[in-house]
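What follows is a set of notes on a single structure, which appears directly below.
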There are 2 protein chains.
Amino acid sequence: MEIAADALDLVPVFKALGHPTRLAILGWLKDPESFAPEDSATREHGVCLKYIQARAEVSQSTASQLMSSLQRANLVTVTRAGQWSYYRRNEDTIAKLGQILYDVI
Amino acid sequence: MEIAADALDLVPVFKALGHPTRLAILGWLKDPESFAPEDSATREHGVCLKYIQARAEVSQSTASQLMSSLQRANLVTVTRAGQWSYYRRNEDTIAKLGQILYDVI
DNA sequence: TTGGTTCATCGCAAAATCGCGATATGTACT
DNA sequence: AGTACATATCGCGATTTTGCGATGAACCAA
């Protein structure tokens, strides 16, 4: 019944999830191609900020900050390529969250 | 892959969990008798606010507010009996949270 | 080089959260 | 009635979060 030493720091994770737009974005990222079916870069690299911004209907700076928050919580990863920042779900963290949830709460 | 209509409203739940003291309290409540081993009311009714306050080392009003937040998120239940408010984990919500976590995020 | 695109960061004002003491409510015991 | 106890709520200042426009940095194309 021990808690792994490298366990997630759950507080920032829950803080990041406790925001309707951030929670929605994380759900949307389960289907990256839904953002722009014709854009092959999405499938290969992830979803760029512009698409997330459009779907969330927030300003560009707000979208960037929302993703920073998710990134600090290790819920997404970012890949810079050219002028784009490609965002993906961090399935490691998300899976670990489900596993340790009961142990911690 | 449908989301149940009576699914939890996850945002308040995550908001409540995104606070170190509230997260700790929820963990402590897994072992109610650890608060006051000699107090039989704990086992029968739950943990009264005074014990939670002492363990969390916050003021009485703060303790009450922390528990209100957990209550609004349906993470605990409260039973009033005499002058005491007895708090228990709401295992229903917590179990449901684990189940629907992947579907939603 | 110039202009356009994508994104992060800065600065700020509005809003929400936090934690406390003070107060109010209700209960229990004399 | 009067006192003591347990808890909830109010009011307030302090801090944090939120969302935006403006600016800056990096990249690309003409």
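On a predicted model such as this, the values are computed, not experimentally measured, just so you know. By convention in this document, chain letters (A, B, ...) are assigned in the order of the sequence lines, proteins followed by strands, and residues within each chain are numbered from 1.
Looking at heavy-atom distances under 4.0 Å, Y86(A) makes no contact with the nucleic acid at all. Backbone-only contact: S85(B) has heavy atoms under 4.0 Å from sugar-phosphate atoms and none from a base.
Of the possible donor and acceptor atoms, none in the side chain of R89(A) sits under 3.5 Å from a partner among the backbone N and O of L29(A). Judged by distance alone, the side chain of R80(A) and the main-chain N or O of Q83(A) form a donor-acceptor pair under 3.5 Å. Listed for the S68(A) side chain is a donor-acceptor partner under 3.5 Å among the backbone atoms of S64(A).
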Item to check | N90(B) and Q71(B): CA distance, side-chain angles, deciding distance, side-chain contact (heavy atoms from CB on, under 4.5 Å) verdict | outcome: CA-CA 9 Å; N90(B) 187 339; Q71(B) 195 185 345; over 6 Å; no

Item to check | Working for side-chain contact (heavy atoms from CB on, under 4.5 Å), residues L101(B) and L10(B) | outcome: CA-CA 9 Å; L101(B) 201 128; L10(B) 284 180; over 6 Å; no

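Between L66(B) and H19(B), the closest heavy-atom pair is CD2-CE1, 3.9 Å. Of all heavy-atom pairs spanning V13(B) and D9(B), the tightest one is CG2-O, 3.6 Å. In terms of heavy-atom proximity, A16(B) sits nearest to L70(B) at CB-CD2, 4.2 Å. Of all non-hydrogen atoms in Q53(A) and A63(A), the two that sit nearest each other are CB-CB, 3.7 Å. In plain terms, the two heavy atoms of T42(A) and A36(A) that are nearest each other are OG1-O, 4.3 Å. Looking at every heavy atom in both residues, T21(B) comes nearest to A56(B) through CG2-CB, 3.9 Å.
Comparing the start and finish of the helix from dT1(C)-dA30(D) to dT30(C)-dA1(D), five pairs each, the helix axis swings through 20°, to the nearest 10 degrees.
The aromatic rings of F35(A) and W28(A) sit perpendicular, their planes meeting at an angle over 60°, well past the 30° parallel limit.
Within residues 33-51 of chain A, the residues having any heavy atom closer than 4.0 Å to DNA chain C are, in order of number, C48(A), L49(A), K50(A).
Placement of I52(A) and W84(A) in two distinct hydrophobic clusters is found when ILVMFWY residues are connected by side-chain heavy-atom separations under 4.5 Å, directly or transitively.
Once you apply a 4.0 Å limit to the heavy atoms of chain B, the touched nucleotides of DNA chain C run 5' to 3' over dT17(C) to dA28(C).
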Item to check | Contact letters for nucleotides 24-30 of chain D, in which S counts primed atoms plus P, OP1 and OP2 and B counts the base, heavy atoms under 4.0 Å | outcome: ---BS--

Checklist outcome for this item: Contact string for nucleotides 18-23 of chain D, one letter per nucleotide 5' to 3', B = base within protein heavy-atom range under 4.0 Å, S = sugar-phosphate only, - = neither, reads SBBBB-

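The ring pair (Phe, Tyr, Trp, His ring centres under 6.0 Å) check on H45(A) picks up Y86(A), with sequence neighbours excluded.
The only option from V47(B), I25(B), L26(B) that meets the side chain to side chain contact (heavy atoms under 4.5 Å, CB included) definition with V76(B) turns out to be L26(B).
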